[in-house]
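Data first, discussion second: the structure below is written as structure tokens.
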Number of protein chains: 2
Amino acid sequence: MTMTDPRKRLDQMISKLRENNYRITPQRLAVLRILATSTGHPSVEKIYGKVKKDFPTTSLATVYKTLIVMKEIGEVLELGFGEGGNRYDGNKPYPHPHLICTGCGQIIDPDLESLQGVTEELIKATGFKINTHRLDFFGVCPNCQKAGSKKPVEN
Amino acid sequence: MTMTDPRKRLDQMISKLRENNYRITPQRLAVLRILATSTGHPSVEKIYGKVKKDFPTTSLATVYKTLIVMKEIGEVLELGFGEGGNRYDGNKPYPHPHLICTGCGQIIDPDLESLQGVTEELIKATGFKINTHRLDFFGVCPNCQKAGSKKPVEN
DNA sequence: ATTTGAATGATAATCGTTATCTGTTAATAA
DNA sequence: TTATTAACAGATAACGATTATCATTCAAAT
Ligand SMILES: [Mn+2]
Ligand SMILES: [Mn+2]
Ligand SMILES: [Zn+2]
Ligand SMILES: [Zn+2]
């Protein structure tokens, strides 16, 4: 799997903003930097907290609005969860499976070769035209299995 | 796939309520009947609307509370969507894939033999202990493909 | 430097869901 | 059958994540 270089990813995002006639503001840049450098899947509050370290006057609404823009131009993937806020993937903005540890809260991107066959089987069986999908697995990571680790990771 | 008999399914649900020392009230029975007879995946508002036809004094809170109870005893599957409310499956309360038509809004249960292999691949690759999962496909059904059908089905 | 429409920041509004509280009732046993 | 009582129903307030609103500021083009 191609490991994305954060700097290149940031430049990609900036280019996409320019292409779509969005302005490059310091607040947006701060959000984009966090999205590009995060290996995990940060929440809005996590992004907001980090942005305020460099730019203390930033509003939570600005973070939300930036994420809406990035979703619109297809440069961030939103993972909606019922509880406690959504999570965002700025490195792989296309549909892909996720693995959530209910112990520590971490969300990782597993590689699943066998997934492609499932979509093909679905199309053949139903005649649907598939546009997107969402696949989440919930379980306990190896680290949380051996000890009752109660520490949330939240990356 | 075993087509569930609504009456048997209703009796199952009632038994489960009794086993867990929950009371059988007319309002709960009305909700259970709807869950047992629905082939689709009704929303809370849809359930509420149907319940009120037979029992006009029913409160929306009662529908919510009944669904919470049914979730707790593992007899209904909740499908959380960000927009416009959750959907419920009272016939297959275990994890299974769903296929959502973004044209008419219908949600169906496809049979996907190849899905089991995906979970096995994931366990081998990550060492996680998998407890549950969620798989949704979003697309356009054959009916909505041939004409720009704008009628929501909402079953 | 000027202009101007888009973006920011602060806050109100939204909406599905949950909590609260009072009156009612299903379930148990006398 | 009636009495008892804890659970439930109904009405509504509260909640929380997200979105809308709007006056002020500023990025970008001239
Ligand atoms: Mn991801
Ligand atoms: Mn289903
Ligand atoms: Zn863990
Ligand atoms: Zn359709």
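As the structure is a prediction and not an experimental result, all values here were calculated from the model. Residue numbering restarts at 1 for every chain, and letters A, B, ... go by the order of the sequence lines.
- Note on residues 130-145 of chain B: pairs passing salt bridge (Lys or Arg N to Asp or Glu O under 4.0 Å), not counting sequence neighbours, are B:R134-B:D136.
- Side-chain atoms of B:S43 never come within 3.5 Å of backbone atoms of B:R87 as a donor-acceptor pair (strictly under, hydrogens ignored).
- For the pair A:L32 CG and C:dA7 P, the interatomic distance rounds to 13 Å; values are reported in whole Å.
- In the 5' to 3' direction, nucleotides of DNA chain D lying under 4.0 Å from heavy atoms of chain B begin and end at D:dA6 to D:dT12.
- Note on residues 52-63 of chain A: pairs passing side-chain hydrogen bond (donor to acceptor under 3.5 Å, both in side chains), not counting sequence neighbours, are A:Y48-A:K52.
- A heavy atom closer than 4.0 Å to some atom of DNA chain D occurs in B:Y22, B:R23, B:T25, B:Q27, B:R28, these being the qualifying members of residues 14-29 of chain B.
- With sequence neighbours excluded, the residues forming a ring-ring contact (aromatic ring centres under 6.0 Å, His included) with B:H98 are B:H41, B:H96, listed by chain and number.
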Subject >> Base-pairing string, 5' to 3', of DNA chain C - Watson-Crick or wobble, under 3.5 Å, | interstrand >> reply: ||||||||||||||||||||||||||||||
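- The main-chain N or O of B:V140 is found under 3.5 Å from a side-chain atom of B:Q145 such that the two form a donor-acceptor pair.
- Taking the ring-ring contact (aromatic ring centres under 6.0 Å, His included) definition, one finds that B:Y88 meets it with nothing, sequence neighbours left out.
- Applying the side-chain hydrogen bond (donor to acceptor under 3.5 Å, both in side chains) test to pairs two or more places apart or on separate chains, those with a residue in residues 16-32 of chain A are A:K16-A:E75, A:Y22-A:E72.
- Pairs of residues two or more places apart, or lying in two chains, that qualify as ring pair (Phe, Tyr, Trp, His ring centres under 6.0 Å) and include a residue from residues 114-134 of chain B are A:F137-B:H133.
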**OP:** List the protein contact pattern of nucleotides 12-23 of chain C with one symbol per nucleotide (5' to 3'): B for base contact, S for sugar-phosphate-only contact, - for none; contact means a heavy-atom distance under 4.0 Å.
**Re:** ----SBBBB---
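- Under the side-chain hydrogen bond (donor to acceptor under 3.5 Å, both in side chains) criterion, A:R33 pairs with no residue, sequence neighbours left out.
- Neither B:L79 nor B:I47 shares a network with the other; the hydrophobic side chains, linked directly or stepwise wherever heavy atoms of I, L, V, M, F, W or Y lie under 4.5 Å apart, form separate groups for each.
- Between A:T126 and B:P110, the shortest heavy-atom contact is CG2-CB, 4.4 Å.
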Sequence neighbours left out, cut at 3.5 Å: what donor-acceptor pairs do the side chains of residues 112-124 of chain B make with other protein atoms?
{"from": "B:S114", "atom 1": "OG", "to": "A:E121", "atom 2": "OE1", "distance (Å)": "2.4"}
{"from": "B:Q116", "atom 1": "NE2", "to": "B:E120", "atom 2": "OE2", "distance (Å)": "3.2"}
{"from": "B:E121", "atom 1": "OE1", "to": "A:E113", "atom 2": "N", "distance (Å)": "3.4"}
{"from": "B:E121", "atom 1": "OE1", "to": "A:S114", "atom 2": "N", "distance (Å)": "3.1"}
{"from": "B:E121", "atom 1": "OE1", "to": "A:S114", "atom 2": "OG", "distance (Å)": "2.4"}
{"from": "B:E121", "atom 1": "OE2", "to": "A:E113", "atom 2": "N", "distance (Å)": "2.9"}

